Amino acid sequence: MPMIIGVPKETAEGERRVAMEPSVITKLNKLGAEVCVEAGAGAAAFITDDQFKKAKIIDSSKELISGADIIFRVQAPSIDDVDAMKEGSTLIATIQPHNNLELVKKLQEKNITSYAMELIPRISRAQSMDVLSSQAAVAGYKAAIMGSDLSARFFPMLTTAAGTIRPSKVIVIGAGVAGLQAIATAKRLGAMVEAYDVRPETVEQIQSLGAKAIELKISAAGEGGYARELTDDEKTQQQEELASYIAQADVLITTAAIPGRPAPKIIPETTIDVMKSGAVIVDLAAEGGGNCTLTQPGKTITTNNGVIIHAPLNVPSQVAVHASEMYAKNLLNFITPMFNDEGEFTPDFEDEIIAGALLTHAGKITHEPTRELLEGAK
Amino acid sequence: MPMIIGVPKETAEGERRVAMEPSVITKLNKLGAEVCVEAGAGAAAFITDDQFKKAKIIDSSKELISGADIIFRVQAPSIDDVDAMKEGSTLIATIQPHNNLELVKKLQEKNITSYAMELIPRISRAQSMDVLSSQAAVAGYKAAIMGSDLSARFFPMLTTAAGTIRPSKVIVIGAGVAGLQAIATAKRLGAMVEAYDVRPETVEQIQSLGAKAIELKISAAGEGGYARELTDDEKTQQQEELASYIAQADVLITTAAIPGRPAPKIIPETTIDVMKSGAVIVDLAAEGGGNCTLTQPGKTITTNNGVIIHAPLNVPSQVAVHASEMYAKNLLNFITPMFNDEGEFTPDFEDEIIAGALLTHAGKITHEPTRELLEGAK
Amino acid sequence: MDFIVDGSYFIAAILFIFGLKRMSSPVTARRGIVWAGVGMVLATIITYFHKDIHHNYVWMSLAILIGGAIAWVTAKRVKMTDMPQMIALYNGMGGGAAAAIAAVILMQEKEISITLQVLAVFGALIGTIALSGSMIAFAKLQGLMWKTYRFPNQQWVNLFVFLVTLIIGFYITFSGTAYGMGILSIFFILALIFGVLMTIPIGGADMPVVISLYNAFTGLAVGFEGYVIGNPAMMIAGIVVGSAGTMLTQLMAKAMNRPITNVLFSNFGDGGDGKIEAATGSMKEIDANDVAVMMAFAEKVIIVPGYGMAVAQAQHKVWEMTKLLQERGVTVKFAIHPVAGRMPGHMNVLLAEAGVPYDIIYDLDEINEEFETTDVTLVIGANDVVNPAARTDTNSPIYGMPILNADASKNTIVIKRGKGTGFTGIENQLFFAEKTNMLYGDGATAVSELITAIKEL
Amino acid sequence: MDFIVDGSYFIAAILFIFGLKRMSSPVTARRGIVWAGVGMVLATIITYFHKDIHHNYVWMSLAILIGGAIAWVTAKRVKMTDMPQMIALYNGMGGGAAAAIAAVILMQEKEISITLQVLAVFGALIGTIALSGSMIAFAKLQGLMWKTYRFPNQQWVNLFVFLVTLIIGFYITFSGTAYGMGILSIFFILALIFGVLMTIPIGGADMPVVISLYNAFTGLAVGFEGYVIGNPAMMIAGIVVGSAGTMLTQLMAKAMNRPITNVLFSNFGDGGDGKIEAATGSMKEIDANDVAVMMAFAEKVIIVPGYGMAVAQAQHKVWEMTKLLQERGVTVKFAIHPVAGRMPGHMNVLLAEAGVPYDIIYDLDEINEEFETTDVTLVIGANDVVNPAARTDTNSPIYGMPILNADASKNTIVIKRGKGTGFTGIENQLFFAEKTNMLYGDGATAVSELITAIKEL
Amino acid sequence: MEGFVALYIFMLAAFTGYEIISKVPVILHTPLMSGSNFVHGIVLVGAMVAMGHAETDMQTLVGFIAVLLAAGNAVGGYVVTERMLEMFKSSGGKK
Amino acid sequence: MEGFVALYIFMLAAFTGYEIISKVPVILHTPLMSGSNFVHGIVLVGAMVAMGHAETDMQTLVGFIAVLLAAGNAVGGYVVTERMLEMFKSSGGKK
Ligand SMILES: NC(=O)c1ccc[n+]([C@@H]2O[C@H](COP(=O)([O-])OP(=O)(O)OC[C@H]3O[C@@H](n4cnc5c(N)ncnc54)[C@H](OP(=O)(O)O)[C@@H]3O)[C@@H](O)[C@H]2O)c1
Ligand SMILES: NC(=O)c1ccc[n+]([C@@H]2O[C@H](COP(=O)([O-])OP(=O)(O)OC[C@H]3O[C@@H](n4cnc5c(N)ncnc54)[C@H](OP(=O)(O)O)[C@@H]3O)[C@@H](O)[C@H]2O)c1
Ligand SMILES: NC(=O)c1ccc[n+]([C@@H]2O[C@H](COP(=O)([O-])OP(=O)(O)OC[C@H]3O[C@@H](n4cnc5c(N)ncnc54)[C@H](O)[C@@H]3O)[C@@H](O)[C@H]2O)c1
Ligand SMILES: NC(=O)c1ccc[n+]([C@@H]2O[C@H](COP(=O)([O-])OP(=O)(O)OC[C@H]3O[C@@H](n4cnc5c(N)ncnc54)[C@H](O)[C@@H]3O)[C@@H](O)[C@H]2O)c1
């Protein structure tokens with residue numbers, strides 16, 4: 001009996017991605033698994049049921065979920081959906097346990113082996129499974145596109161018979177995966193791009209894309225390639241120095257994040273006050289509360305001085321086709337080593353990556369921080 | 001007494017541009033004219049009244065209009081606004097007389113000297129006054145941005161740990177000013193761009209932007225650099241040949257136009273039927289009815305097979321800052337030769353450009369086709 | 001002593017060779033002439049101790065002083081633009097000296113081997129031709145005589161004179177010592193006349209080529225006489241110059257796009273002269289190496305790209321070239337005309353693609369004043385946007401359009417494929433202007449050549 | 001007849017010079033050897049008519065036949081990898097011939113000028129050294145003897161032998177014809193011994209340099225003996241080779257990053273030999289010219305860009321180089337590793353910016369099989385993504401990451417600035433692999449050099 | 001030939017050799033070494049002359065050896081060079 | 001010197017001259033012409049020798065003229081070349 005992988009239609013609002021892609025089905029079949037896809041699961045990502053022809057199309061969501069040994073999802077399932085799952089089956093999704101404690105409990109109760117993709121350790125070998133990277137790349141690209149679309153100005157310089165259009169200045173705050181992609185895209189469009197990040201190694205990376213690195217006097221390099229939180233004093237200083245740069249910006253893209261914490265508030269109202277009328281802020285950190293104090297996640301507002309603050313949620317969803325493709329491939333790369341040559345599903349729970357992503361297993365919460373949140377420190 | 005140039009706030013719906021720009025005021029002053037701007041005229045284009053400080057800000061629209069010797073506008077005024085104008089004063093705008101016959105009559109009656117900017121002959125010397133070119137450039141740029149924003153796919157190729165994203169194919173139909181700009185912008189974003197135009201000389205021009213020219217067997221080169229209309233047979237052949245290309249497109253941008261005629265219907269439903277799910281059409285010809293039969297001007301629709309047809313009106317308005325700047329400079333370049341060294345307003349009605357743009361003057365309709373429409377052939 | 005003398009000559013010969021080698025690269029050229037100069041001083045001083053010199057030391061020194069002083073003063077005074085005729089003059093003097101040496105030897109009527117005799121006479125012949133020919137060239141360029149002089153059957157007359165001279169030369173060579181002063185004088189006089197005849201019909205524009213040819217002649221004459229009097233330094237310096245000069249003559253003729261025979265003999269038919277005088281009417285082609293040197297040693301270069309750069313997709317190369325120039329300290333700016341190319345911002349798109357930073361891109365208003373102070377303006381595939389007709393010719397379709405004042409800069413180089421016109425299809429007087437040179441070829445190819453050439457400097 | 005003989009020698013000399021000139025460019029090299037060959041045949045045949053040859057025609061021909069036949073057969077049979085020792089062998093034969101000529105002359109004990117005497121002896125000395133030295137080099141490379149041989153105070157012994165040889169040489173030179181066969185024999189024997197002593201301590205890796213040096217020696221010896229027997233063709237060919245060979249020796253030593261003195265004398269102390277034999281442990285530096293030739297004459301080249309290309313912003317140059325290669329008919333592909341650079345699609349952004357068309361860009365899955373059939377893989381600033389440790393070293397932080405199999409291709413060239421590690425900070429065995437060569441330098445600069453070098457081919 | 005003339009010839013020939021080699025790609029080092037090795041095979045001519053006017057048997061013998069060696073130098077040098085340069089054949093034509 | 005030796009020297013010197021010039025940028029044509037014009041000013045040496053062993057007054061006179069002309073060639077050639085090459089001064093240093 002081959003393992004059955006079920007891919008339900010996403011239920012979260014505004015979610016257009018799907019955790020499957022036609023070419024991935026073929027590869028899963030090769031591994032020895034069978035794939036079932038809910039009818040219309042790919043519709044929002046423009047993948048028709050026809051294109052999923054290598055998979056079994058199942059009309060009812062409940063039927064699909066209850067029949068599957070492994071569920072592939074983009075976002076965390078509803079409690080109901082977990083209820084419908086087989087006891088002891090496997091769930092792979094971006095579960096965000098700290099926001100979904102109840103769900104985790106449910107998973108534990110139902111004895112479900114669940115993996116939170118976003119918890120995969122960011123080691124070299126795991127890069128091909130890293131959904132944070134793949135979806136951040138999508139978001140970064142899209143942020144630049146949204147910025148150019150919202151701006152009432154040209155990005156590139158144009159010398160025309162009706163005068164010379166000066167290129168827009170785009171400033172990117174946070175040069176992680178998303179930030180770098182935003183830099184690259186804005187540069188492509190011909191904008192003058194400057195970028196800032198607290199981690200000093202980003203200077204070279206920013207320059208390697210042909211953009212200018214803004215160098216302030218504060219460094220916040222933390223462990224494992226992530227940033228640490230800044231002290232209050234440092235924050236104020238950072239803000240002031242940055243404000244003088246940001247005042248020049250036509251488009252400001254903010255991507256700053258600190259893992260497991262709310263997004264740092266880097267752009268206070270005072271900074272926005274000095275910005276140009278018609279300037280656009282795309283706050284990619286909206287999901288974590290935003291990098292601007294004025295950010296209203298999910299909304300687009302215009303301030304009194306004419307600054308447009310766009311704070312989109314679930315940006316990768318907007319590039320649903322390719323975001324789904326990359327997400328599905330991440331899942332494929334994650335699950336591939338769990339199958340042995342005979343097509344049996346034998347995850348190695350000792351493996352650094354699997355252990356890192358494992359949230360619940362055999363009735364236990366294996367992810368320590370989540371367990372602490374739910375059950376208190378040991 | 002210096003001439004007074006009045007710039008009212010645009011009244012047309014959705015019009016965000018303004019026919020003035022701060023640097024242009026300085027230059028007009030140098031010519032010997034005084035400039036009055038209606039309060040808030042630039043707001044939608046993010047130009048505050050403050051920035052217009054070299055001009056007199058007048059709160060009331062009526063007051064401004066009735067006090068001005070020359071009115072600068074983007075779009076044609078309402079009949080009321082013409083009523084408010086001084087007898088014998090001058091109006092410069094994109095009047096589109098064939099769509100505004102009544103207005104023309106009114107202008108004639110009020111003895112107003114009116115210039116339709118879009119009628120300026122497209123000779124080398126007039127390029128700096130050519131609003132069709134300047135606004136088409138804006139539209140072409142924006143079309144590519146809109147296309148990338150609406151598409152659920154990446155434009156560029158990306159080789160990532162989560163697989164290689166193939167670049168989008170963007171096809172541009174009509175390689176005039178707007179089409180070329182769309183090609184350039186889509187190329188910049190990393191898309192594979194192909195373009196088609198009936199005029200054979202565009203092949204080299206398309207290639208000069210690094211894009212691929214689609215060469216069909218039909219040529220429709222007309223007089224003066226514009227295209228002629230095709231015969232029905234030719235049209236069918238064109239459509240069929242094109243359909244095979246368009247089936248590959250992720251984004252299709254259509255800009256085909258024939259001056260003084262409705263936009264040619266190049267993309268019939270049968271072509272759209274073969275397009276990919278999730279493909280995007282940006283129909284820049286919407287103003288003229290669109291190049292697709294399914295186009296609904298001003299609307300964005302999704303067809304049954306998942307093709308998104310976006311048919312925006314007044315695209316330049318979306319890039320209001322720079323579109324206004326270019327438009328205002330066009331007007332400046334147009335009016336500059338009309339002032340003599342003493343700052344007197346002495347238009348030379350013999351001049352090819354002035355004569356070409358002149359719509360009504362001294363109680364006469366001077367633009368022959370319009371006069372024919374209103375008064376019948378002589 | 002003899003050993004020291006010979007050794008000094010040897011060192012001088014080495015110095016000449018390396019001096020010339022250095023002179024063939026712009027970077028080391030200045031040191032090259034110094035090396036050669038040192039060799040010359042060494043050779044001259046040591047010659048006072050030469051074993052064959054028995055007397056006349058004072059007169060000799062006097063001759064050196066007088067000749068040197070006159071040459072020094074004239075050479076220092078002359079204007080830079082008059083340099084070519086001075087070269088002709090000094091070259092003629094060298095040819096004369098070689099001929100005079102031959103004369104002394106032939107006058108001595110010693111029995112010498114036939115080889116020596118042949119070379120002595122041949123050296124005398126070409127030295128003398130170089131003398132009178134160079135003098136005519138000098139006179140022409142200095143404006144001392146009619147530019148060209150022609151008469152019917154000129155070529156036949158010349159041939160006749162030449163053959164007679166040659167026959168007398170043969171006679172001198174093979175008559176042992178039987179010839180007398182009379183014959184010798186006639187020989188030299190005829191050679192002088194032939195040099196004059198050969199030069200007078202050649203036009204001013206071709207003079208540099210002819211001077212170079214006489215320079216090679218003098219070199220050979222010196223080399224031959226060096227052999228005759230057994231002086232290897234003279235022999236080697238002379239032959240090296242003779243060979244280098246021949247090569248140079250060919251290169252110069254090639255740079256003018258004319259075979260060398262054409263320069264020497266074609267002017268009898270048509271009025272090919274005066275080409276340089278008449279400023280307009282012809283486009284002057286230029287070589288990529290030359291453009292490279294001009295730009296590399298300029299203070300400021302402005303690049304004017306046009307539709308041709310887009311067609312050639314040469315933007316990446318243009319930027320690479322720019323960086324090379326910048327590395328050498330040249331200020332490079334891009335001047336973008338508002339309607340360059342075929343769509344608004346066409347050039348911007350391409351330059352941005354190539355990575356040209358915005359701060360060296362200027363539009364017409366910002367840069368038009370600067371052309372006057374620009375050493376080299378490089379127009380790449382632009383045409384209408386630099387057409388001065390827009391300023392002057394009221395009938396031109398582009399009259400009234402502002403243009404980039406490429407014609408105001410000190411030198412203008414235009415890269416285009418051929419005689420193609422621009423968008424408006426009209427002629428462009430800029431291409432015919434005196435300060436304009438054409439570098440023909442596809443934009444990408446031509447700029448590639450420039451890059452290679454700049455790198456080699 | 002003498003005139004014809006001399007004239008033929010003259011022509012042969014010219015053919016040699018132009019032949020060598022052509023051999024110094026890969027494009028004309030093949031025709032160069034043919035020119036030189038024609039010169040050789042001409043010179044050899046005409047020598048039968050040389051005025052100084054009175055007898056021994058048959059024996060002479062026999063010697064030519066035997067020597068030629070043996071050489072022909074061995075040269076045809078030898079494997080390509082054994083070429084260097086064959087060159088050593090033939091070169092030694094040439095040196096021996098020169099020495100033998102000197103021997104014949106010295107044996108004849110005629111009164112000859114001191115200059116001739118000096119040159120004859122000196123030629124004999126270096127010819128003999130070249131003979132025995134080359135033979136040792138041959139034996140070593142052929143594996144016929146221990147790789148190196150050392151004993152205490154070796155350098156002093158060598159010096160002593162050399163000085164004694166020299167003193168005897170002086171004696172022979174200045175004793176007129178008073179020296180006898182005995183002294184002469186001792187002289188030659190000592191010279192032979194010195195050649196052996198000089199060569200035995202030098203390691204295998206340095207052999208090519210040493211062979212080149214002996215080649216220059218033989219050239220000089222031939223040149224000197226040519227002077228002695230009054231044969232200008234030999235003289236010129238010999239000296240040209242002597243000079244060219246000296247230059248070449250220096251270039252070769254430089255390519256190995258060692259001064260020539262180091263090669264000859266340094267090996268007494270440390271175990272510098274065996275470097276080539278030990279495959280791992282050292283990175284081999286390579287010259288841009290060499291990489292250019294490898295790529296230009298390859299069928300297929302794969303370029304692997306990495307973060308270093310981004311840092312150097314070398315993408316435009318890389319594309320320019322690619323186009324040059326394509327023009328020469330080379331198939332060039334880009335292999336993009338999924339995590340090359342520092343963000344997803346980093347390389348794509350840069351290559352697109354430079355205008356590299358998508359259809360020659362391949363990702364890991366598409367191209368990884370192809371490395372095996374690739375002549376040259378050019379790694380530009382990539383490190384982790386081509387690190388074979390990912391396949392083999394379970395402890396490596398990148399273990400399990402798929403990598404580009406750059407190490408599978410026939411040659412791998414790595415461009416990087418120095419010994420810098422990649423993102424993960426680990427060593428890369430690829431850089432030490434036998435088929436890998438390092439081209440050090442900033443990415444943009446190094447590729448620039450490649451472009452220049454390719455253009456010059 | 002007097003000494004200085006020889007010196008001049010040596011100097012010019014050396015300069016010529018130097019100029020010829022000064023800009024050679026590394027990959028040609030070995031073939032060029034081989035080619036120049038062939039060129040000094042011209043020593044054959046000298047060996048023939050030496051043998052041709054040898055006066056004693058001993059001299060004839062040494063001459064014989066000289067010719068033998070020289071012929072080996074010339075022929076072997078040519079063949080080896082030719083073979084090495086073969087690799088520049090096919091691709092060279094592409095250009 | 002015998003004829004063929006001269007020929008060899010001529011050949012080598014010619015080759016040397018050719019190699020030196022073969023790749024010269026056009027802008028150096030005139031200075032190089034001038035420089036080589038200076039170099040054949042070495043004829044001065046010959047002129048001095050000719051004058052130094054002149055036998056008759058006539059010969060001395062011709063020799064005198066030869067030296068005069070040759071000195072003019074040398075000195076004038078040098079000065080003119082020097083001045084022409086001055087333009088490569090300032091910028092040359094930039095590199
Ligand atoms: N910018 C706009 O919005 C716009 C729109 C429409 C029209 N225009 C008009 O277009 C013109 C633009 O002027 P321009 O100076 O840029 O261009 P241009 O006047 O069209 O001249 C282009 C020149 O480039 C040369 N060329 C073409 N291909 C080349 C190649 N591969 N390599 C080298 N040279 C090449 C051609 O000469 P050869 O054939 O001899 O090589 C030609 O003379 C103006 O007249 C303008 O009014 C502009
Ligand atoms: N793509 C992504 O999304 C992403 C994100 C984060 C991390 N990473 C990691 O980044 C690494 C990418 O691998 P990679 O092979 O592209 O790069 P890499 O392993 O970081 O190696 C780069 C190499 O380039 C050389 N270099 C740097 N600057 C140079 C210059 N100016 N010119 C020439 N060489 C230069 C360095 O050596 P020298 O100092 O000696 O010159 C270095 O060895 C992987 O380990 C990957 O996991 C990737
Ligand atoms: N080892 C791997 O293979 C691997 C895989 C993926 C990512 N990474 C590394 O991890 C880094 C972070 O990845 P991410 O994009 O997911 O990070 P993230 O989304 O957590 O943060 C985005 C960026 O915001 C920056 N930031 C945080 N606080 C800031 C502040 N106050 N001001 C300005 N900037 C601030 C961070 O430095 C980071 O660069 C990446 O740059 C990448 O190099 C490594
Ligand atoms: N003389 C000047 O200085 C000047 C100034 C501006 C424009 N122009 C020229 O005029 C041309 C047209 O300008 P525009 O952009 O305003 O044109 P437009 O807006 O009228 O038309 C847009 C394009 O659609 C094309 N088209 C028409 N029917 C088509 C069909 N059936 N299929 C495909 N394509 C079709 C036309 O050829 C044109 O290129 C420009 O390309 C430009 O070269 C010249």
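Chain identifiers are assigned alphabetically (A, B, ...) following the order of the sequence lines, protein sequences preceding nucleic acid strands; residue numbering begins at 1 within each chain. Keep in mind that what you see is a predicted model, and the values were worked out from it rather than measured.
- Both the backbone and the side chain of C/Y48 come within less than 4.5 Å of a heavy atom of chain F.
- Using a 4.5 Å cut-off between heavy atoms, C/R31 makes no contact with chain F at all.
- With contacts defined as side-chain heavy-atom distances shorter than 4.5 Å, the pair F/V49/C/T47 qualifies.
- Side-chain atoms of C/N231 do not come within 3.5 Å of backbone N or O of F/G46 as any donor-acceptor pair.
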Discussion item. Side chain to side chain contact (heavy atoms under 4.5 Å, CB included), that's the test. Do F/T56 and C/M107 meet it? Break it down for me.
Written reply: CA-CA 9 Å; F/T56 63; C/M107 279 191 286; 5.6 Å; no
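- Comparing C/K21, C/M60, C/H54 by heavy-atom pairs within less than 4.5 Å of chain F, the highest count is held by C/M60.
- Side chain of F/R83 to main chain of C/M83: no donor-acceptor pair is present (N/O by atom type, distance under 3.5 Å, no hydrogens or angles).
- Looking at C/H50, only its side chain comes within 4.5 Å of chain F, counting heavy atoms on both sides.
- Looking at C/M234, both its backbone and its side chain come within 4.5 Å of chain F, counting heavy atoms on both sides.
- No side-chain heavy atom of F/N73 sits less than 4.5 Å from a side-chain heavy atom of C/N91.
- Between F/H40 and C/N215 the shortest side-chain heavy-atom distance falls below 4.5 Å.
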Worksheet item: Between C/I87 and F/T81, does a side chain to side chain contact (heavy atoms under 4.5 Å, CB included) hold up when you go through it step by step?
Response: CA-CA 9 Å; C/I87 299 176; F/T81 310; over 6 Å; no
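- C/H55 NE2 to F/E55 CD: the interatomic distance, rounded to the nearest 0.5 Å, is 8.0 Å.
- Considering all non-hydrogen atoms of both residues, C/A103 and F/V62 come closest at CB-CG1, 4.0 Å.
- The line from CD1 of C/I70 to CG of F/L68 is 6.0 Å long, rounded to the nearest 0.5 Å.
- Evaluation of the side chain to side chain donor-acceptor pair (under 3.5 Å) rule for C/Q108 yields F/Q59 as partners, not counting sequence neighbours.
- How far OG1 of C/T115 is from CG of F/L7: 10.5 Å, rounded to the nearest 0.5 Å.
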Item to complete: Could you walk me through whether F/Y78 and C/V34 pass the side chain to side chain contact (heavy atoms under 4.5 Å, CB included) test, one step at a time?
Response: CA-CA 9 Å; F/Y78 186 85; C/V34 175; 3.9 Å; yes
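- Among C/I211, C/L15, C/I66, C/V78, the residue making the largest number of heavy-atom pairs under 4.5 Å with chain F is C/V78.
- Neither the backbone nor the side chain of C/V228 comes within contact range of chain F; no heavy atoms are under 4.5 Å apart.
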Worksheet item: Between F/V43 and C/E225, is a side chain to side chain contact (heavy atoms under 4.5 Å, CB included) present by the stated rule, with each step listed?
Response: CA-CA 8 Å; F/V43 70; C/E225 300 310 333; 6.0 Å; no
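- For a residue to count as touching a neighbouring chain, one of its non-hydrogen atoms must lie under 4.5 Å from one of that chain's; by this rule C/T44 touches chain F with backbone and side chain alike.
- Both the backbone and the side chain of F/L32 come within less than 4.5 Å of a heavy atom in chain C.
- Checked against a 6.0 Å centroid threshold, the rings of F/F10 and C/F224 count as neighbours.
- Scanning all heavy atoms of the two residues, the minimum distance from C/I53 to F/M48 falls at CD1-O, 3.8 Å.
- Residues C/Y90 and F/N37 approach most closely at CB-ND2, 3.7 Å, considering heavy atoms.
- Of the listed residues (C/I229, C/V291, C/I236, C/T218), the greatest number of heavy-atom pairs within a distance under 4.5 Å of chain F belongs to C/T218.
- The shortest distance between side-chain heavy atoms of F/I9 and C/Y227 does not fall below 4.5 Å.
- For the atom pair CE of C/M23 and CZ of F/F38, the computed distance is 7.5 Å after rounding to the nearest 0.5 Å.
- Summarising the geometry of F/L85 relative to C/I33, their closest heavy-atom pair is CD1-CG2, 3.7 Å, with the distance given to 0.1 Å.
- When each of C/K51, C/M86, C/M181, C/K76 is scored by its heavy-atom pairs under 4.5 Å with chain F, the top score falls to C/K76.
- In terms of heavy-atom proximity, F/G76 sits nearest to C/A71 at N-CB, 3.5 Å.
- Most heavy-atom pairs under 4.5 Å with chain F: of the set C/A221, C/A63, C/G67, this distinction falls to C/A63.
- In this structure the side chain of C/W59 reaches within 4.5 angstrom of the side chain of F/M51, judged on heavy atoms.
- In this structure, CZ on F/F64 lies 5.0 Å from CG on C/L62, to the nearest 0.5 angstrom.
- In this structure, chain F has no heavy atom under 4.5 Å from any part of C/L89.
- At a threshold of 4.5 Å between non-hydrogen side-chain atoms, the residues C/L20 and F/S36 count as touching.
- Expressed to the nearest 0.5 Å, how far CZ of C/R22 lies from CD1 of F/I20 amounts to 11.5 Å.
- By number of non-hydrogen pairs under 4.5 angstrom with chain C, the leading residue of F/G63, F/G35, F/A54 is F/A54.
- When all heavy atoms are compared, the tightest approach of F/L69 to C/A97 is CD1-N, 3.8 Å.
- C/I14 meets the side-chain contact (heavy atoms from CB on, under 4.5 Å) test with C/F10, C/F18, E/M11; sequence neighbours excluded.
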